[in-house]
Amino acid sequence: VNVLFEIQDSRLWGDEPRADANAANSSALTGTDVLQANIFTNNLLNADIEARLGRQKFNIGNQRLWSTLEWTVQSRTWDGVRAQRSFGTDFHLQAFTLLVNELSRFKDDEWVFGASLRWTPQFLPRNELELLVLYDFRDDEANSNQFAEVATISLRYNGFFGLNEDDSL
């Protein structure tokens, strides 16, 4: 079992409060937050299952459906549980539960449950096919008992084709 703890600081350089400033009157560390804090293992139950519990970075669908937005100043992370296992070199199975939108009370929070199966065939290097199922659930008692469910099924292909060995035409 391993532990990952990562801090993110996205303040502008020189924007920090003075050393002698009173914390009550300054910005304190408003640009600083915990980016990742989780425990993980690469061999859960001696079954080659990679598992992660806690705040973590997460990408789905080649970052088109779900992304940490690494090209922005602040990276995004979510609290949740994720488990994945590879079967040989071709198939990769992943299941997850993530807290998407943390509201005022636990019952008002928005959760996403999902699973994906990725196929990376050996005869087509640098190509993959992914089947993804997502279920987004929100029961918001604070806002007139709004209840929302969204299910998504996605089949995504990502890859390269070319006439030459380096995929060029």
Side-chain angles (χ1 to χ4, degrees), residues 1-13 15-16 27-87 90-120 127-159:
V1 175
N2 302 292
V3 175
L4 174 65
F5 186 79
E6 185 177 0
I7 302 269
Q8 174 176 255
D9 187 351
S10 59
R11 295 174 290 169
L12 294 173
W13 185 74
D15 195 33
E16 297 85 7
S27 63
L29 296 175
T30 55
T32 303
D33 196 5
V34 174
L35 180 62
Q36 295 189 85
N38 58 65
I39 59 173
F40 66 97
T41 181
N42 292 326
N43 194 11
L44 183 67
L45 305 173
N46 290 323
D48 292 327
I49 297 173
E50 297 175 29
R52 210 171 272 273
L53 171 67
R55 181 168 290 179
Q56 56 194 284
K57 291 184 175 186
F58 196 76
N59 293 314
I60 298 176
N62 201 24
Q63 298 189 37
R64 293 180 184 273
L65 296 175
W66 205 278
S67 173
T68 58
L69 297 177
E70 294 298 329
W71 54 86
T72 65
V73 175
Q74 269 185 315
S75 182
R76 294 191 311 176
T77 58
W78 295 270
D79 297 333
V81 178
R82 177 175 41 157
Q84 58 190 33
R85 185 172 193 281
S86 295
F87 299 91
D90 288 359
F91 291 96
H92 313 279
L93 180 64
Q94 176 174 238
F96 53 89
T97 300
L98 297 172
L99 177 60
V100 178
N101 189 9
E102 189 172 4
L103 300 173
S104 59
R105 295 187 314 267
F106 179 79
K107 185 159 179 135
D108 295 336
D109 294 342
E110 184 175 356
W111 293 85
V112 167
F113 306 95
S116 73
L117 177 62
R118 243 186 19 239
W119 178 44
T120 53
N127 287 267
E128 71 178 18
L129 187 65
E130 180 181 37
L131 175 64
L132 173 69
V133 177
L134 289 176
Y135 174 71
D136 188 344
F137 172 78
R138 179 175 179 183
D139 185 4
D140 190 355
E141 287 184 351
N143 292 318
S144 306
N145 288 325
Q146 293 178 351
F147 179 77
E149 290 179 280
V150 177
T152 304
I153 297 175
S154 167
L155 184 61
R156 179 188 64 84
Y157 166 77
N158 186 31

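Note that the structure is predicted; figures quoted are calculated from it, not measured. Throughout, numbering of the chain's residues begins at 1 and tracks the sequence.
- With hydrogens and angles ignored, the 3.5 Å screen pairs a side-chain donor or acceptor of N43 with a backbone N or O of D48.
- With sequence neighbours left out, the side chain to side chain donor-acceptor pair (under 3.5 Å) criterion links T41 to no other residue.
- In this structure, L131 and L155 have side chains that are in contact, with non-hydrogen atoms separated by less than 4.5 Å.
- Q8 places a side-chain N or O within 3.5 Å of a backbone atom of S75 that can act as its donor or acceptor partner.
- In this structure, R52 satisfies the cation-pi test against F40, with its NZ or CZ atom closer than 6.0 Å to the six-membered ring centre and inside 45 degrees of the ring normal.
- Proximity of a side-chain donor or acceptor of D79 to a complementary backbone N or O of G54 within less than 3.5 Å is not detected.
- Annotation for R76 and S67: closest pair NH2-O, 2.8 Å, computed over non-hydrogen atoms.
- Of the possible polar contacts, none joining the T97 side chain to the V81 backbone as a donor-acceptor pair under 3.5 Å is found.
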Does N38 form a side chain to side chain contact (heavy atoms under 4.5 Å, CB included) with L53? I'd like the steps, not just the answer. CA-CA 5 Å; N38 58 65; L53 171 67; 5.8 Å; no
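- Here the straight-line distance linking atom CZ of R55 with atom CH2 of W78 works out to 11.0 Å at 0.5 Å rounding.
- Panel note: side chain Q56, backbone G80; a donor-acceptor pair is recorded below 3.5 Å.
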Step-by-step side chain to side chain contact (heavy atoms under 4.5 Å, CB included) determination, F58 to Q94: CA-CA 12 Å; F58 196 76; Q94 176 174 238; 3.9 Å; yes
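- For the side-chain contact (heavy atoms from CB on, under 4.5 Å) test, residues two or more places apart in sequence or in another chain that qualify with E130 are S116, R118, R156.
- Scanning both residues, A51 and L44, for their nearest heavy atoms gives CB-CD2, 3.9 Å.
- Residues satisfying the side chain to side chain donor-acceptor pair (under 3.5 Å) test with D136, not counting sequence neighbours, are none.
- In this structure, W111 and L99 have side chains that are in contact, with non-hydrogen atoms separated by less than 4.5 Å.
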